[in-house]
Amino acid sequence: MNQGKVDVLLGLQWGDEGKGKVVDVLTPQYDVIARFQGGPNAGHTLEFEGQKYVLRSIPSGIFQGGKVNIIGNGVVLAPDLFMDEAKALEASGHALKERLHISKKAHLIMPTHRVLDAAYEAQKGKNKVGTTGKGIGPTYTDKVSRNGLRVGDILDGFEEKYAAAKARHEAILKSLNFEYNIDEVEKKWLEGVEYLRQFPIVDSEHEINNVLRSGKSILCEGAQGTMLDVDFGSYPFVTSSNTICAGACTGLGIGPNKIGEVFGIMKAYCTRVGAGPFPTELFDETGKKIRDLGHEYGAVTGRERRCGWIDLVALRYSIMVNGVTQLLIR
């Protein structure tokens with residue numbers, strides 16, 4: 001039996017390199033598209049027949065009929081935001097429930113994670129990281145401290161597990177004297193949990209490796225960019241997950257010997273959202289012109305992106321840590 005192949009597509013800069021568009025172009029060559037890290041802080045923008053779509057958690061291969069799309073264990077998922085995203089796609093004629101599979105081991109972003117995100121940023125003052133406020137960091141913090149709530153938990157004893165996690169967050173927020181009200185957000189969040197139960201919730205690592213054993217192919221879709229990697233990016237101004245190629249192995253349960261091509265996406269210039277070093281940033285009219293010509297505004301936040309010349313030193317570093325085999329420039 002022929003062993004299937006796994007290729008990885010990821011960004012080589014600070015995100016926003018155009019990964020979603022490239023995934024859509026490459027999807028016809030693969031049987032499965034799998035997202036391996038990140039959360040709804042990442043937005044992949046695609047446009048079809050004059051209609052624009054921004055995908056935050058759902059893999060960009062969802063627009064190609066007949067392809068299975070998997071949200072892997074390395075992703076953090078907000079049920080309410082996922083529900084909004086999925087319903088918008090369904091309303092525009094894209095069938096999801098048969099083709100979108102979600103890992104039992106993916107972690108859930110709770111309403112109180114977003115409050116914690118805001119509280120921690122407020123505490124940092126002038127040293128703010130510039131997060132999107134979506135609760136990504138606190139969710140990954142709970143994951144590594146072994147306190148997280150996972151998608152699989154909604155299938156068994158969910159109410160008790162949720163109440164315990166919420167109480168722990170509330171105790172932290174009380175100690176920080178941070179005022180908040182999550183009543184409306186929580187109501188919608190719980191609706192999102194019910195909606196999530198309608199999808200196939202799977203042991204994605206088994207599903208993915210069974211796909212490979214059957215000789216089929218997988219494209220792993222990364223979010224953000226290499227210079228935002230929690231280990232190898234411009235720390236501490238980074239995201240909370242491994243955005244590099246190795247993240248596909250831990251975020252999907254794939255052995256490193258299964259990786260084939262590594263597609264590295266880059267822009268002909270650089271952009272960045274939020275705080276952090278940016279050696280080639282432009283503060284003049286040229287920087288503004290790049291922003292306007294490239295429509296450089298955050299797909300999720302709408303924030304203006306910082307713009308500058310291409311950074312070849314950082315690019316060479318990104319190619320090295322990812323083992324890039326094919327370089328795509330847009």
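Computed from a predicted structure; not experimentally measured.
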Any donor-acceptor pair under 3.5 Å from [X] side chain to [Y] backbone:
X    : Y    : answer
N322 : C245 : yes
D284 : G287 : yes
E17  : G15  : yes
E221 : S60  : yes
E207 : V202 : no
D31  : S217 : yes

| query | Is it true that the side chains of Q37 and Y140 contain a donor and an acceptor less than 3.5 Å apart? | reply | no
| said: Looking at every non-hydrogen atom in both residues, tell me the closest pair between R303 and V273 and how far apart they are. | reply: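 Looking at all heavy atoms of both residues, the shortest contact is NH2-CG1, 3.3 Å.
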| message | Give me the atom names and distance for the closest heavy-atom approach of I62 to N69. | response |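 Closest approach of I62 to N69, heavy atoms only: N-OD1, 3.2 Å.
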Enter the distance from [X]:[atom1] to [Y]:[atom2] here, rounded to the nearest 0.5 Å.
X    : Y    : atom1 : atom2 : value
D80  : K187 : CG    : NZ    : 13.5 Å
T226 : F232 : OG1   : CZ    : 10.5 Å
F178 : E170 : CZ    : CD    : 14.0 Å
S318 : L12  : OG    : CG    : 5.5 Å
I182 : L173 : CD1   : CG    : 9.0 Å

Looking at [X], I'd like to know if its [atom1] atom is crowded, meaning that more than 12 non-hydrogen atoms belonging to other residues, nucleotides or ligands lie closer than 6.0 Å.
X    : atom1 : result
Y180 : OH    : yes
K97  : NZ    : yes
E98  : CD    : yes

| field | Name of the residue among V76, I154, D153 meeting side chain to side chain contact (heavy atoms under 4.5 Å, CB included) with L108 | value |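 The option that passes is I154.
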| request: Take D229 and N242 through the side-chain hydrogen bond (donor to acceptor under 3.5 Å, both in side chains) test and state the conclusion after the steps. | output: CA-CA 5 Å; D229 184 273; N242 286 116; 3.2 Å; yes
| task | Give the ring-plane orientation class for F63 versus H94, where under 30° counts as parallel, over 60° as perpendicular and anything between as tilted. | result | perpendicular
Answer yes or no: is there an ion pair linking [X] with [Y], defined by an N-O contact shorter than 4.0 Å?
X    : Y    : result
K288 : D292 : yes
R306 : E281 : yes
K134 : D117 : no

Out of curiosity, does [Y] fall in the hydrophobic cluster containing [X] (side-chain heavy atoms, cut-off under 4.5 Å, transitive links)?
X    : Y    : result
I70  : V211 : yes
I136 : Y120 : no
I244 : V324 : no
I33  : I265 : yes
L55  : Y195 : yes

| said: Going by salt bridge (charged side-chain N to carboxylate O under 4.0 Å, His left out), D142 matches just one of R168, R150, K166. Which one? | reply: R168
| request: Apply the test side-chain hydrogen bond (donor to acceptor under 3.5 Å, both in side chains) to residues T139 and H107: give CA-CA distance (whole Å), side-chain angles for both, the deciding distance (0.1 Å), then the verdict. | output: CA-CA 7 Å; T139 305; H107 279 247; over 6 Å; no
| Run the side chain to side chain contact (heavy atoms under 4.5 Å, CB included) check on F36 and V8 step by step: do they pass? | CA-CA 10 Å; F36 63 85; V8 181; 4.1 Å; yes
| field | Trace of the side chain to side chain contact (heavy atoms under 4.5 Å, CB included) decision for T243 with L10 | value | CA-CA 8 Å; T243 61; L10 38 76; over 6 Å; no
| message | Suppose the criterion is side-chain hydrogen bond (donor to acceptor under 3.5 Å, both in side chains): which pairs have a residue in residues 262-274, not counting sequence neighbours? | response |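 Residue pairs with at least one partner in residues 262-274: S234-R272, K267-T271, K267-E296, Y269-E296.
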| side chain to side chain contact (heavy atoms under 4.5 Å, CB included) between F158 and L149, worked out | CA-CA 9 Å; F158 170 70; L149 195 64; 3.9 Å; yes
| message | For a 4.5 angstrom cut-off between non-hydrogen side-chain atoms, does L81 reach S57? | response |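 With C-beta onward as the side chain, the pair stays apart.
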Ignoring hydrogens and angles, write down the donor-acceptor pairs under 3.5 Å from the side chains of residues 253-261, residues two or more places apart or on other chains.
residue: E261; atom: OE1; partner: T325; partner atom: OG1; Å: 2.6
residue: E261; atom: OE1; partner: Q326; partner atom: NE2; Å: 3.3

| message | Walk me through whether M266 and L315 qualify under side chain to side chain contact (heavy atoms under 4.5 Å, CB included). | response | CA-CA 8 Å; M266 58 172 282; L315 182 63; 3.5 Å; yes
